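Just so we're clear, the structure is a prediction, and the values are computed from it rather than from any experiment.
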Amino acid sequence: MINIRRSDERGRGDRGWLKSYFTFSFADYHDQRQMGFRALRVINEDRIAPGQGFGPHAHRDMEIMTYVMEGQLLHRDSMGERHILGPNEIQMMSAGTGVVHSEYNASETEPVHLFQIWILPAAEDFEPNYQQIAFKPEEKHGRLRLLAAPEIKGDAPMTVIRQNAQVYAAELGPDEELRQPLAKGRYAWVQMVKGAISLNGQLLHPGDAAAVSEESELSFSGTQPTGGEFLLFDLA
C-alpha cells in the first residue's frame with residue numbers, strides 16, 4: 001500500500017524571512033490526520049533569507065536531522081558545538097535530556113534551502129549529542145547512501161540515530177532505476193527533495209511524499225528530463 005502526500009497538501013508558514021512547508025502538523029498548522037508516520041514526527045522544508053534564522057530555543061527527547069539542499073546553515077548549541085552545514089552533509093542532533101540551539105543562514109547574500117526532520121527516539125532522557133558528516137555527491141548517484149542507522153555499518157561516514165530506523169539519500173538520473181527490499185513488518189516514507197521520480201509506478205514531484213506499508217520491494221525510477229533526489233526512511 002502506498003499513500004501519496006502531495007506537496008500542495010502540506011501546511012504552509014510565511015514569516016517573511018522564513019518560508020516553510022510542513023508535511024506533518026507543526027506550529028500553527030494542525031491536521032489531526034497528519035501527526036506523523038511511525039517514529040517520524042516532523043518534516044519541514046524551509047527557505048531562510050540571507051542573514052536570518054532561528055534564535056536560541058530548546059528541545060528535548062527528539063532526534064533532529066537537517067539536510068541542506070542549497071546554501072549554508074550556521075548551527076550553535078549549548079553543548080559548545082558550532083558548525084556550518086551545506087549540501088551533501090547530514091547533521092544529527094540528539095536532544096535527549098535537553099539542548100538549546102540556534103540556526104542561522106550563514107550567508108548575508110544567499111538564501112538557504114533545507115529539510116529538517118524530527119524522529120522520536122526509542123527512549124527518553126538520553127545524553128544529548130551532536131554529529132555531522134559529509135559525503136561525496138557521487139555516493140548518492142544511482143544508489144542509496146546510508147545517512148543514519150541505530151549502529152555504524154561499514155566504513156563510510158554516517159550518523160547514529162537512537163531509533164530503529166535507517167535514513168538514506170539517493171539521486172537518480174532520467175530512466176535510472178533502483179530497487180530496495182522492504183522487510184516484512186517494516187514501513188517506509190519517501191520524501192522528494194528535488195526533481196521527479198517514479199515509485200512503484202506512481203509519479204512523485206518536488207515536495208511530494210509517500211507512506212509505504214505492506215510492500216516487499218520499492219522500485220524507483222528517475223523521470224525525464226532531469227530525474228530526481230529523495231530521502232528514504234526505513235521504519236519499524
Side-chain angles (χ1 to χ4, degrees), residues 1-7 9-11 21-26 31-45 59-67 90-96 114-126 129 131 133 135 140 143-154 156 158-172 178-194 197-202 204 207-220 228-236:
M1 181 185 301
I2 298 179
N3 292 319
I4 306 297
R5 172 81 158 142
R6 294 296 178 191
S7 176
E9 297 171 350
R10 297 180 292 177
Y21 287 93
F22 309 128
T23 296
F24 304 120
S25 295
F26 188 85
D31 183 339
Q32 193 61 38
R33 300 166 300 175
Q34 302 295 340
M35 298 301 295
F37 180 74
R38 311 303 295 177
L40 263 177
R41 178 61 189 85
V42 168
I43 301 180
N44 292 348
E45 181 178 5
H59 295 280
R60 68 167 295 146
D61 295 324
M62 194 66 70
E63 305 292 281
I64 301 174
M65 304 178 64
T66 305
Y67 190 73
I90 189 73
Q91 176 195 87
M92 173 74 75
M93 187 179 74
S94 294
L114 61 93
F115 283 80
Q116 187 165 97
I117 300 108
W118 296 9
I119 297 176
L120 295 166
E124 297 180 347
D125 296 331
F126 285 117
N129 71 36
Q131 305 164 71
I133 60 107
F135 56 93
K140 64 182 179 183
R143 55 181 170 169
L144 292 167
R145 203 311 182 172
L146 182 63
L147 303 178
E151 57 186 26
I152 298 293
K153 296 182 179 182
M158 57 171 285
T159 63
V160 174
I161 187 170
R162 290 159 163 171
Q163 179 54 267
N164 183 3
Q166 292 88 44
V167 184
Y168 303 85
E171 187 169 1
L172 299 178
L178 177 64
R179 294 180 181 273
Q180 175 74 356
L182 188 63
K184 186 176 180 179
R186 300 289 293 184
Y187 300 78
W189 184 273
V190 177
Q191 180 66 53
M192 290 299 303
V193 298
K194 184 176 67 176
I197 64 163
S198 170
L199 167 64
N200 289 23
Q202 299 197 52
L204 299 177
D208 288 351
V212 183
S213 59
E214 300 177 358
E215 298 281 343
S216 61
E217 184 179 68
L218 304 178
S219 177
F220 302 95
E229 182 177 354
F230 62 92
L231 298 174
L232 169 64
F233 301 84
D234 184 324
L235 305 162

Student: If you take all heavy atoms of Y67 and K140, which pair is closest and at what distance?
Tutor: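 Nearest heavy atoms, Y67 then K140: OH-NZ, 3.2 Å.
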
Student: List for me each residue that meets side chain to side chain donor-acceptor pair (under 3.5 Å) alongside R41, sequence neighbours excluded, and say none if there are none.
Tutor: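 With sequence neighbours excluded, R41 shows a side chain to side chain donor-acceptor pair (under 3.5 Å) to no residue whatsoever.
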
Student: Within this structure, what is the CD-CZ distance for the pair Q34 and R5, rounded to the nearest 0.5 Å?
Tutor: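 The CZ atom of R5 is 3.5 Å from CD of Q34, to the nearest 0.5 Å.
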
Student: Contact between E63 and S94 at the side-chain level, heavy atoms closer than 4.5 Å - yes or no?
Tutor: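 They are in contact (side-chain heavy atoms under 4.5 Å apart), so the answer is yes.
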
Student: Where the side chain of S219 meets the backbone of N200, is there a donor-acceptor pair that is under 3.5 Å apart?
Tutor: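 Not at all, since once roles are kept as given, no pair shorter than 3.5 Å links the two residues.
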
Student: Give me the ring orientation class for W189 and F37: parallel if the planes are under 30° apart, tilted from 30 to 60°, perpendicular past 60°.
Tutor: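 Taking F37 first and then W189, their aromatic rings sit tilted (interplane angle of 30° to 60°).
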
Student: For the side chain of E217 and the backbone of R179, is there at least one donor-acceptor N/O pair under 3.5 Å apart?
Tutor: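 A pair under 3.5 Å: no.
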
Student: Taking only residues two or more places apart in sequence or in another chain, which ones pass salt bridge (Lys or Arg N to Asp or Glu O under 4.0 Å) with E171?
Tutor: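 If we apply the salt bridge (Lys or Arg N to Asp or Glu O under 4.0 Å) test to E171, skipping adjacent residues, the hits are K194.
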
Student: Taking side chain to side chain donor-acceptor pair (under 3.5 Å) as the test, write out the residues that go with N3, two or more places apart.
Tutor: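 So N3 forms no side chain to side chain donor-acceptor pair (under 3.5 Å) with any residue.
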
Student: Report the residues that fulfil ring pair (Phe, Tyr, Trp, His ring centres under 6.0 Å) with F233, sequence neighbours left out, ordered by chain and then residue number.
Tutor: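 Result, ring pair (Phe, Tyr, Trp, His ring centres under 6.0 Å) vs F233: none returned.
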
Student: Rounded to the nearest 0.5 Å, what separation is found between the CZ atom of F220 and the CG atom of L204?
Tutor: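 Going from the CZ atom of F220 to the CG atom of L204 covers 8.5 Å.
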
Student: Rounded to the nearest 0.5 Å, how far does CD of E215 lie from CZ of R186?
Tutor: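 R186 atom CZ to E215 atom CD measures 15.5 Å (nearest 0.5 Å).
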
Student: Would you kindly say whether N44 and R10 are connected by a side-chain donor-acceptor distance under 3.5 Å?
Tutor: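 No, because no side-chain N or O of N44 sits under 3.5 Å from a partner of the opposite role on R10.
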
Student: Tell me, please, which residues at least two apart from T66 pass side chain to side chain donor-acceptor pair (under 3.5 Å).
Tutor: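 Checked T66 against side chain to side chain donor-acceptor pair (under 3.5 Å); matches are Q91, Q116.
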
Student: Can you tell if the side chain of Q202 reaches within under 4.5 Å of the side chain of I197, non-hydrogen atoms only?
Tutor: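 Contact flag for Q202/I197 side chains = no.
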
Student: Could you pull out all residues at least two apart from R38 that satisfy salt bridge (Lys or Arg N to Asp or Glu O under 4.0 Å)?
Tutor: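 Applying salt bridge (Lys or Arg N to Asp or Glu O under 4.0 Å) to R38 gives none.
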
Student: To the nearest 0.5 angstrom, please state how far the CE atom of M93 sits from the CD atom of Q131.
Tutor: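 It is 11.5 Å, given to the nearest 0.5 Å.
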
Student: Is the side chain of Q191 donor-acceptor paired with the backbone N or O of L231 at a distance under 3.5 Å, no angle test?
Tutor: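 Between the backbone of L231 and the side chain of Q191 there is no qualifying donor-acceptor contact (under 3.5 Å).
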
Student: Measure from the side-chain N and O atoms of S216 to the backbone N and O of K184, and report whether any donor-acceptor pair falls under 3.5 Å.
Tutor: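 No, because the side chain of S216 does not come within donor-acceptor range (under 3.5 Å) of the backbone of K184.
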
Student: Is the shortest heavy-atom distance from the side chain of L172 to the side chain of F230 under 4.5 Å?
Tutor: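 Side-chain contact under 4.5 Å: yes.
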
Student: For F24, I'd like to know if atom CZ has over 12 heavy atoms of other residues, nucleotides or ligands within 6.0 Å.
Tutor: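 Atom CZ in F24 is crowded, with more than 12 foreign heavy atoms closer than 6.0 Å.
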
Student: Give the minimum heavy-atom separation between P150 and A165, together with the two atoms involved.
Tutor: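 Scanning both residues, the minimum pair turns out to be CD-O, 3.2 Å.
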
Student: For the residue pair L146 and M158, what are the closest heavy atoms and their distance?
Tutor: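 Of all heavy-atom pairs spanning L146 and M158, the closest is CD2-SD, 3.8 Å.
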
Student: How many angstroms lie between CD1 in I117 and CE in M92, if you round to the nearest 0.5 Å?
Tutor: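 Interatomic distance, I117 CD1 to M92 CE, rounded to 0.5 Å: 9.0 Å.
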
Student: Taking all non-hydrogen atoms of both residues, which atom of Q163 and which atom of I119 are closest, and how far apart?
Tutor: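 In this case the closest contact between Q163 and I119 is CG-CG2, 4.0 Å.
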
Student: Could you measure the distance from the CG atom of L218 to the CG atom of L199? Nearest 0.5 Å is fine.
Tutor: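 Nearest 0.5 Å value for the CG-CG distance: 6.0 Å.
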
Student: Let me know which of L232, D234, I161, L144 forms a side-chain contact (heavy atoms from CB on, under 4.5 Å) with Q166.
Tutor: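 Testing Q166 for a side-chain contact (heavy atoms from CB on, under 4.5 Å) against L232, D234, I161, L144 leaves exactly one candidate, D234.
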
